[in-house]
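Scope of the values below: all heavy atoms of this structure, side chains included, with no hydrogens, waters or symmetry mates. One is the number of the first residue; the rest follow in order along the sequence. Owing to the predicted nature of the structure, the values given are computational and were not obtained by experimental measurement.
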Amino acid sequence: MLLTDPIRMLPSLFLPLVGVLFLGGFSSGSFAWAALGVVGSVVYSAVRWATFTYQVVGDRLELTRALVSRSVRTVPLERIRGVDVSHPPLHRLLGIAVLRIDTGAGGDEKQEGELDGVTEAEAERLKAVLLWHARARLARRARTAPEPAETGFPDPVATASGGAEAGGGALPAFPAADSDASSSLHHEVGETTPERIFLVVPRRWLAYGPLSGAYLLTPFALVAGAVGAAFQWGGELGVDRRVMWSAAEWLWGHRPLLIAAVVLLVLLTPVIGVVMYAVFNWDFTLRARDGYLIAERGLLTRRSVSLERRRVRGFELVEGLVERRTGMARAWAIVTGLGDSQTRGQLLPVVPRAVALDVVGEGVGPITTGLRAHPPAARRRRLFRAVFPWVVVAACALAAALTWSGPWWGLVAAALALALLGVPLGLDRYRSLGHAYDGSRLSVRSGSLRRSQAVVERRAVVGWTLSQTWFQRRAGLLTVVAGVGAGSGGYAALDVGEEEGVAFVSEVTPDWLAPFVVSD
């Protein structure tokens, strides 16, 4: 930790240290002050390491810091939703890991427990202890015996103290959960079951990386970030902005060189997509063990995320435009009380759609019926919203072109082209609409450039919102939002017919809507 902490602080120290060197004219005094800053960061890390302890006491995990004032953070074991173990590159070289505890605290990791610098063995052992306590607690609640001793589980008291970075003290051994209770209660109480591997992403699937829009845009984002950083920090690094403007003007004056650079960047985009896919999803493995779904991935930073299966309420299948055309998809779990769900809830990276459906069907639960189409009025509404705005822009630009001429004609042509492209986009958005209910799970789908289909268990629905805009009332449509205590909190069936929308709600929760429906 005396090595990893200062290195982690280097980005925040870089600009101050460079500023000290420039202000001091790179004199011996400026180098001495810069060295003092580095030594100070090491001392600070040493004090943090020496004054941090953790221990599991009774039904809680206590994290204690005594740097200046004493601070104790208590994490109740019953609030633990999952344990995340990651291995950044430097940590992997040193044989240590970062263990984060997910308590469903709204996605803010500062509100959760974190042990940065435990040994890899200690991280895995502490993860097993914390998750076992959760399973044992649930099993005890499910049993009828009033005393813990009669359930076959020991009293969940374990202690381990010492610097987290040093691995802490010894943790007690813990028995396996009662097999009879597990077999009858299934994953609702976190049973102990043989490990099952749902999918290991093959190395050849790295070629699917360029199909993801996020990976394709990475090189352009890096270039834009580098240009922005140069203009923002150029003055602090002693580089005049006029020099950078002169370089940009020179590059603009040499058009063939600029075009060659853009073409090279475009040609490198698929390669960079493969590299980025490998960095984030190397050896992606999804398995089930002891009532948890465990996703492991990463090349430079290896990460393992555990999702408690009894809190999984469904899944979300996401397809970008290119992914749809090539039959690919990504999947996320819809989990109650999961912080940072876009990262921790990922079940699958870009994989063949058929494989994704099979895996999430086995690991979470399938939808066993097809989606129902929405009425033709929804198609007209989608076409109107995709075409009309650009027609308005073209009309305004045409008026300006007839008045002042000049470059306005280019804007007219561009707006008309976008209006024409809006026709297939609107039709595709309509084809993507759909909703279904198979008796145990409901599903809604929408989107075109990013099409998302959510499949949610009926028990996860906690309420409904039926809304109509003025235009929807004119068209006889409404939007039905299923309120869910998991994931994003609500999933919408857009532009459903009025009768179909009410029937959909009545089908899923027949008693809820009955007092508000007028019978014929």
Side-chain angles (χ1 to χ4, degrees), residues 1-8 45-46 48-58 60-65 73 75 77 80-103 109 112-136 153-154 156-177 190 192-197 200 282-308 344:
M1 289 302 296
L2 302 185
L3 178 64
T4 58
D5 254 11
I7 291 179
R8 186 175 55 184
S45 301
R48 278 171 51 91
W49 171 80
T51 58
F52 178 78
T53 61
Y54 68 92
Q55 57 181 344
V56 181
V57 181
R60 66 191 184 277
L61 170 67
E62 292 183 354
L63 310 176
T64 304
R65 290 193 180 277
R73 174 175 294 176
V75 181
L77 297 182
I80 295 177
R81 309 291 174 83
V83 179
D84 178 357
V85 178
S86 60
H87 303 80
L90 187 57
H91 286 61
R92 294 177 69 181
L93 290 175
L94 299 175
I96 57 179
V98 181
L99 184 142
R100 294 186 178 91
I101 299 168
D102 180 15
T103 60
E109 291 189 0
E112 302 177 348
E114 178 178 292
L115 300 177
D116 186 356
V118 295
T119 63
E120 294 179 350
E122 175 71 1
E124 293 300 326
R125 188 156 59 128
L126 183 58
K127 172 183 175 181
V129 168
L130 295 176
L131 297 182
W132 176 83
H133 274 299
R135 297 196 303 273
F153 296 98
V157 178
T159 60
S161 62
E165 294 82 354
L171 290 171
F174 48 93
T192 298
T193 57
E195 178 177 282
R196 178 181 180 185
I197 297 178
V200 178
W282 184 264
D283 280 346
F284 190 105
T285 304
L286 180 67
R287 57 166 57 91
R289 183 175 61 215
D290 296 341
Y292 288 84
L293 286 175
I294 302 173
E296 297 179 356
R297 67 182 184 276
L299 178 61
L300 300 180
T301 299
R302 191 71 182 168
R303 189 172 188 181
S304 173
V305 179
S306 301
L307 304 176
E308 196 173 1
R344 295 180 179 175

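The minimum heavy-atom distance linking E114 with F52 is given by the pair O-CZ, 4.3 Å. In this structure, S86 and T301 approach most closely via the heavy-atom pair CB-CG2, 4.5 Å. The shortest heavy-atom contact between R302 and D283 is NH2-O, 3.0 Å. In plain terms, the two heavy atoms of D84 and S304 that are nearest each other are OD1-O, 3.0 Å. The nearest pair of heavy atoms linking G113 to L63 is CA-CD1, 3.6 Å. For P88 against V98, the heavy-atom pair with the smallest separation is CD-CG2, 4.2 Å.
Looking at R65, its side chain never comes within 3.5 Å of a backbone N or O of R73 through a donor-acceptor pair. The main-chain N or O of L300 is found under 3.5 Å from a side-chain atom of R92 such that the two form a donor-acceptor pair.
Qualifying side-chain contact (heavy atoms from CB on, under 4.5 Å) partners for R287, counting only residues two or more places apart in sequence or in other chains: E195, I197, T285, R289, I294, E296.
The distance from atom CZ of R196 to atom CG of L286, rounded to the nearest 0.5 Å, is 10.5 Å. The distance from atom CG of L93 to atom NE2 of H87, rounded to the nearest 0.5 Å, is 12.0 Å. Rounded to the nearest 0.5 angstrom, L307 CG and Y292 OH are separated by 10.0 Å. How far CZ of R100 is from NZ of K127: 13.5 Å, rounded to the nearest 0.5 Å.
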Q) Would V118 and L126 count as a side-chain contact (heavy atoms from CB on, under 4.5 Å) if you check the C-alpha gap in whole Å, the side-chain angles of each, and the deciding distance to 0.1 Å? A) CA-CA 10 Å; V118 295; L126 183 58; 5.7 Å; no

Q: Any chance you could lay out the side-chain contact (heavy atoms from CB on, under 4.5 Å) test for L99 and E122, step after step, and finish with the verdict?
A: CA-CA 10 Å; L99 184 142; E122 175 71 1; over 6 Å; no

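Looking only at side-chain heavy atoms (C-beta outward), I101 and L115 stay at 4.5 Å or farther from each other. In this structure, the side chains of T4 and D116 stay at 4.5 Å or more apart for every pair of heavy atoms.
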